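Heads up: the structure comes next, in structure tokens.
Computation of the quantities below employed the complete heavy-atom set of this structure, encompassing side-chain atoms and omitting hydrogens, waters and symmetry-equivalent molecules. Order of the sequence lines fixes the chain letters, A, B, ..., with proteins taken first and strands second; residue numbering starts at 1 for each chain. In this text, all values refer to a predicted model and were calculated from it rather than measured experimentally.
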Amino acid sequence: MSREVRVRFAPSPTGALHIGGVRTALYNYLFARKMGGKFLLRIEDTDQARFVPRAEAYIQESLAWLGISPDESPWNPGEDGPYRQSERKDSYMKYALDLVEAGHAYYAFDTSEELDAMRERLTAARVVQPQYNSITRTQMNNSLTLSEDEVKARLASGDPYVIRVKIPLKEDVRLNDMIRGWVMVHSSTLDDKVLMKSDGMPTYHLANIVDDHLMNITHVIRGEEWLPSAPLHVLLYKFFGWEETMPQFAHLPLLLKPDGNGKLSKRDGDKLGFPVFPLNWENKEDGETAAGFREAGYLPDAFLNFLAFLGWNPGDEREIFSMSELIEAFSMERIGKSGTKFDIAKAKWFNEQYLKSKSNGELAHYVIADAANEEITILQDTAEALVGLMKERVTFPAEIWQGSRFVVIAPTEFDQDIASKRWNSDAVTVLSAYAELLEGFTGEYDAETAKAMLNETAEAKDIKLGKVMQAVRLAVTGNGVGPDMMEIFAILGAEEAAKRIRFALATLDVIG
RNA sequence: GGUCGGUUCGUCUAGGGGUUAGGACACGUCCCUUUCACGGAUGAAACACGGGUUCGAUUCCCGUACCGACUACCA
């Protein structure tokens, strides 16, 4: 009988949540939903030195922005809480002690100076792997080398100590990773990792096993950087006698730098000019802000779609997926094994696709807000019209207002380059006649009539419309490029169009 | 250095013992067009290398190279 699927995303609140972490959260979420199970969020705050208070809220807001909603979390706890490791602190020592009792762990009193000395000694002796292991522990200060009385005395006197796992000398450790298949490691290459730190907090290795067991986690889906320590985790499950319910592991391929070498990091984003975080993050220490996808203008559903395809694909040629479609199509088997280079051009393409697919009404608020930033108030109808003009030609919402603000603000200056090439006598002839026509016009002025009237005007003067079109655009918008001219006329209305043409006629000098 | 993982167009990838090795992004060309885009069409572009196994290997096995992760009282 199979258990209900329960997965967790377990970030550390040490700063902004990296995009790779967001993808890990997404895959966990998709898997849980696909399997009809639960997705939990657990905060791994066992490192007191690196703790950043605002990071937790950042994680919460990032997931909320993308619609990755945990079924259980510090903010909506279920029955297996608490959901912060710091609040579970008391339970870890008991488990560590159980391991000591069973001979699978031991106390170690070595100071960091002694540890450094040991590593130096081993390096000098050309030991290939200087580490605290089954060989070297015999030369250190621990409950395996010290007498029972001395250990008791040290413990009683409050000497700082850690608890280390006692890795067996010779044992093949194997695990069946859902993405990578069988991975085998010999225990002799593992070291006696610290389980309990001297500050009384557990390390990740102990805490994640204890918590995953207590919280009935069935699948551990995490980044590939954990693969080397996975054998240790398997050993720990065995030592605790929890093999029966040991979760299945799935180690996700890493997100790589665009230029090919190494894990994607914060610095890459700064260097290459794109975000690596979901939301803006202000670093309180240096006062700098790391860019976020949200603030850069990425739509949450587009970003989500992009993220899902970084290492996964549905196996057919579809590319546009909503969250529910992702859930439907998702499967662990279709996650790739190799690292994925981060390609911002693809992210932009997704954003363009989503922008185009949205209604003008949905996007109008961006335009209203951007205009408001310039202390210009525009109506919903106007905003929607501007969206209609621009949404198929931009990558980000901010470009809508930028590319159409001339509709609201009549040009007072004109592109000199275009003027010097196109503002000829033909243009002036046609525009003068068109302005006159518009000034007497009282009918419905839409894109079609605007065009028909312009055509008639040009024909009457025996001038090819194409020859003067750029001049028309220049007169009305001040620019040589932009969205469909007739649509612009329709939004402006006959009166305003005439006014602008008159202004241009009075302002610009005819060439030739 | 050691352990582990990975390697199909520039990038994301499909495929998989016999295929014209497919798609998408980006790029080139053409069409559409009042500009710039959108859109449509089209082009260039890949199985890291060497050995096996096999009638046949890009696909399976081994090795090499390269890339990466890990190698803390951080996660």
Side-chain angles (χ1 to χ4, degrees), chain A residues 10-14 21 44-47 49-50 85 108 110-112 115 119 123 126-132 160-164 177 179-181 183-186 188-191 193-205 207-208 222-231 251 253-254 256-258 260-263 306 309-319 334 336-350 352 356 390-395 403 418 422 451 454 464-474 477 479-486:
Chain A
S12 236
T14 53
E44 310 231 326
D45 54 352
T46 54
D47 187 348
R50 294 203 307 156
Q85 289 186 325
D110 315 278
T111 63
S112 55
L115 290 172
R119 285 187 198 106
T123 305
R126 301 186 189 215
V127 172
V128 281
Q129 255 175 304
Q131 57 184 17
Y132 208 117
Y161 66 92
V162 300
I163 294 178
R164 285 179 182 273
D177 188 90
I179 292 170
R180 277 148 226 288
V183 176
M184 241 164 295
V185 177
H186 193 79
S188 63
T189 66
L190 268 27
D191 63 339
K193 280 267 182 292
V194 170
L195 262 22
M196 288 298 294
K197 298 184 268 190
S198 55
D199 65 1
M201 280 293 212
T203 60
Y204 170 83
H205 301 107
N208 100 87
R222 71 222 311 190
E224 192 187 320
E225 67 267 29
W226 292 110
L227 197 50
S229 57
H251 289 95
L254 262 17
L256 271 19
K257 297 174 195 286
N261 296 331
K263 254 204 299 196
F306 164 70
F309 272 69
L310 251 28
W312 172 88
N313 75 85
D316 55 36
E317 281 164 7
R318 293 175 296 159
E319 303 221 68
R334 300 212 62 87
K337 289 179 172 63
S338 48
T340 303
K341 280 181 196 157
F342 187 84
D343 180 17
I344 197 67
K346 198 68 172 256
K348 286 181 179 171
W349 179 79
F350 273 110
E352 288 161 4
K356 274 189 287 199
M390 295 299 296
K391 74 176 176 189
E392 296 201 348
R393 24 197 336 118
V394 299
T395 303
I418 304 290
R422 306 287 180 167
K451 184 164 193 175
L454 224 204
K464 291 272 283 177
L465 184 57
K467 294 270 187 197
V468 298
M469 213 44 226
Q470 283 239 266
V472 172
R473 179 179 294 282
L474 183 70
T477 73
N479 274 303
V481 297
D484 186 84
M485 206 44 233
M486 302 310 149

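In this structure, of B:G5, B:C38, B:G23, it is B:G23 that holds the atom nearest to the side chain of A:Glu317. When distances run from any side-chain atom of A:Asp343 to the nucleotides B:C25, B:U34, B:A24, the shortest one goes to B:C25. In the set B:A24, B:G6, B:G5, B:A24 carries the atom at the smallest distance from any side-chain atom of A:Trp349. For A:Val185, taking side-chain heavy atoms from C-beta onward, the closest of the listed nucleotides B:C12, B:C38, B:U3 is B:U3.
Spacing between B:U53 and B:C60 at atom C1', rounded to whole Å, works out to 8 Å. Separating the C1' atom of B:U54 from that of B:U58 is a span of 15 Å, rounded to the nearest Å. As rounded to the nearest Å, B:U8 and B:A48 have P atoms that lie 6 Å from one another. Taking atom P in both B:C47 and B:U11, the straight-line distance is 12 Å, to the nearest Å. Taking atom P in both B:A44 and B:A21, one finds a spacing of 13 Å when rounded to whole Å. Rounded to a whole angstrom, the distance from the C1' atom of B:C49 to that of B:G40 is 42 Å. For the C1' atoms, the distance from B:U20 to B:G39 is 28 Å, rounded to whole Å. Rounded to a whole angstrom, the distance from the C1' atom of B:G23 to that of B:C9 is 12 Å.
Pairing for B:A37 is absent, with no Watson-Crick or G-U wobble pair whose two atom distances lie under 3.5 Å. Nucleotide B:A48 has B:U64 as its partner under the Watson-Crick or G-U criteria, with both atom distances under 3.5 Å. If you check B:U3 for Watson-Crick or wobble pairing at under 3.5 angstrom, you find it paired to B:A69. Under the Watson-Crick or G-U wobble criterion, with both distances below 3.5 Å, B:U54 is left unpaired in every strand shown. With a cut-off of 3.5 Å on both Watson-Crick or G-U wobble distances, the partner of B:U42 is given as B:G28.
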Requested in this report: Decide side-chain contact (heavy atoms from CB on, under 4.5 Å) for A:Trp312 and A:Phe309; before the verdict, give the C-alpha distance in whole Å, the side-chain angles of both, and the deciding distance to 0.1 Å.
Outcome: CA-CA 5 Å; A:Trp312 172 88; A:Phe309 272 69; 4.0 Å; yes
Report task. Decide side-chain contact (heavy atoms from CB on, under 4.5 Å) for A:Asp110 and A:Tyr161; before the verdict, give the C-alpha distance in whole Å, the side-chain angles of both, and the deciding distance to 0.1 Å. Result -> CA-CA 7 Å; A:Asp110 315 278; A:Tyr161 66 92; over 6 Å; no
**Report entry** salt bridge (Lys or Arg N to Asp or Glu O under 4.0 Å) assessment of A:Lys341 paired with A:Asp343
**Finding:** CA-CA 6 Å; A:Lys341 280 181 196 157; A:Asp343 180 17; over 6 Å; no
Query raised in the report: Checking side-chain contact (heavy atoms from CB on, under 4.5 Å) for the pair A:Tyr204/A:Thr46: CA distance, chi angles, key distance, verdict?
Result: CA-CA 7 Å; A:Tyr204 170 83; A:Thr46 54; 5.6 Å; no
Query raised in the report: Would A:Glu319 and A:Lys346 count as a side-chain contact (heavy atoms from CB on, under 4.5 Å) if you check the C-alpha gap in whole Å, the side-chain angles of each, and the deciding distance to 0.1 Å?
Result: CA-CA 11 Å; A:Glu319 303 221 68; A:Lys346 198 68 172 256; 4.2 Å; yes
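When the side-chain nitrogen and oxygen atoms of A:Lys346 are compared with OP1 and OP2 of B:U11, none of them lie within a distance under 4.0 Å. Considering only side-chain N and O atoms, A:Asn313 lies under 4.0 angstrom from the phosphate OP1 or OP2 of B:A14.
Among the protein residues, A:Gly336 comes within range of no part of the nucleic acid, since none of its heavy atoms lies under 4.0 Å from any strand. Counting any heavy atom pair closer than 4.0 Å across all strands shown, A:Arg334 reaches sugar-phosphate atoms only and no base atom. Among the protein residues, A:Met201 comes within range of no part of the nucleic acid, since none of its heavy atoms lies under 4.0 Å from any strand. In this structure, A:Lys356 reaches the sugar-phosphate backbone alone: every heavy-atom distance under 4.0 Å involves primed, P, OP1 or OP2 atoms, never a base. Among the heavy atoms of the strands lying under 4.0 Å from A:Leu254 are primed sugar atoms or P, OP1, OP2 only; no base atom is included. Heavy atoms of A:Arg180 sit under 4.0 angstrom from primed sugar atoms or phosphate atoms, though from no base atom.
No more than 12 heavy-atom neighbours from other residues, nucleotides or ligands sit within 6.0 angstrom of NZ on A:Lys467. In the displayed structure, A:Lys356 atom NZ is contacted under 6.0 Å by more than 12 heavy atoms of other residues, nucleotides or ligands.
Distance CD1 (A:Ile179) to C1' (B:A69): 15 Å, rounded to an integer number of Å. For the pair A:Arg222 CZ and B:C4 C1', the interatomic distance rounds to 14 Å; values are reported in whole Å. Distance CD (A:Glu392) to P (B:G40): 11 Å, rounded to an integer number of Å. Rounded to an integer number of Å, the gap from CD1 of A:Ile344 to C1' of B:G10 is 17 Å. Protein atom CG of A:Leu190 is 17 Å distant from nucleotide atom P of B:G2, rounded to whole Å. In this structure, A:Lys348 places its NZ atom 14 Å from C1' of B:U11, rounding to the nearest Å. Taking atom NZ of A:Lys341 as the reference point, atom C1' of B:U8 lies 13 Å away to the nearest angstrom. In this entry the distance linking CD of A:Glu224 with C1' of B:G68 reads 7 Å, nearest Å.
Residues A:Leu454 and A:Leu465 form a side-chain contact, since some pair of their non-hydrogen atoms from C-beta on lies under 4.5 Å apart. No side-chain heavy atom of A:Val194 sits under 4.5 Å from any side-chain heavy atom of A:Ile163.
Mapping A:Val128 and A:Val394 onto RNA chain B by nearest heavy atom places A:Val128 closer to the 5' end of the strand.
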**Report entry** Per-nucleotide protein contact string for nucleotides 70-75 of chain B (B base, S sugar-phosphate only, - none; heavy atom under 4.0 Å)
**Finding:** S--BBB
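Its glycosidic angle being more than 90° from 0, B:C61 falls on the anti side.
Here the side chain of A:Arg422 pairs no donor or acceptor atom with the backbone of A:Arg473 at under 3.5 angstrom.
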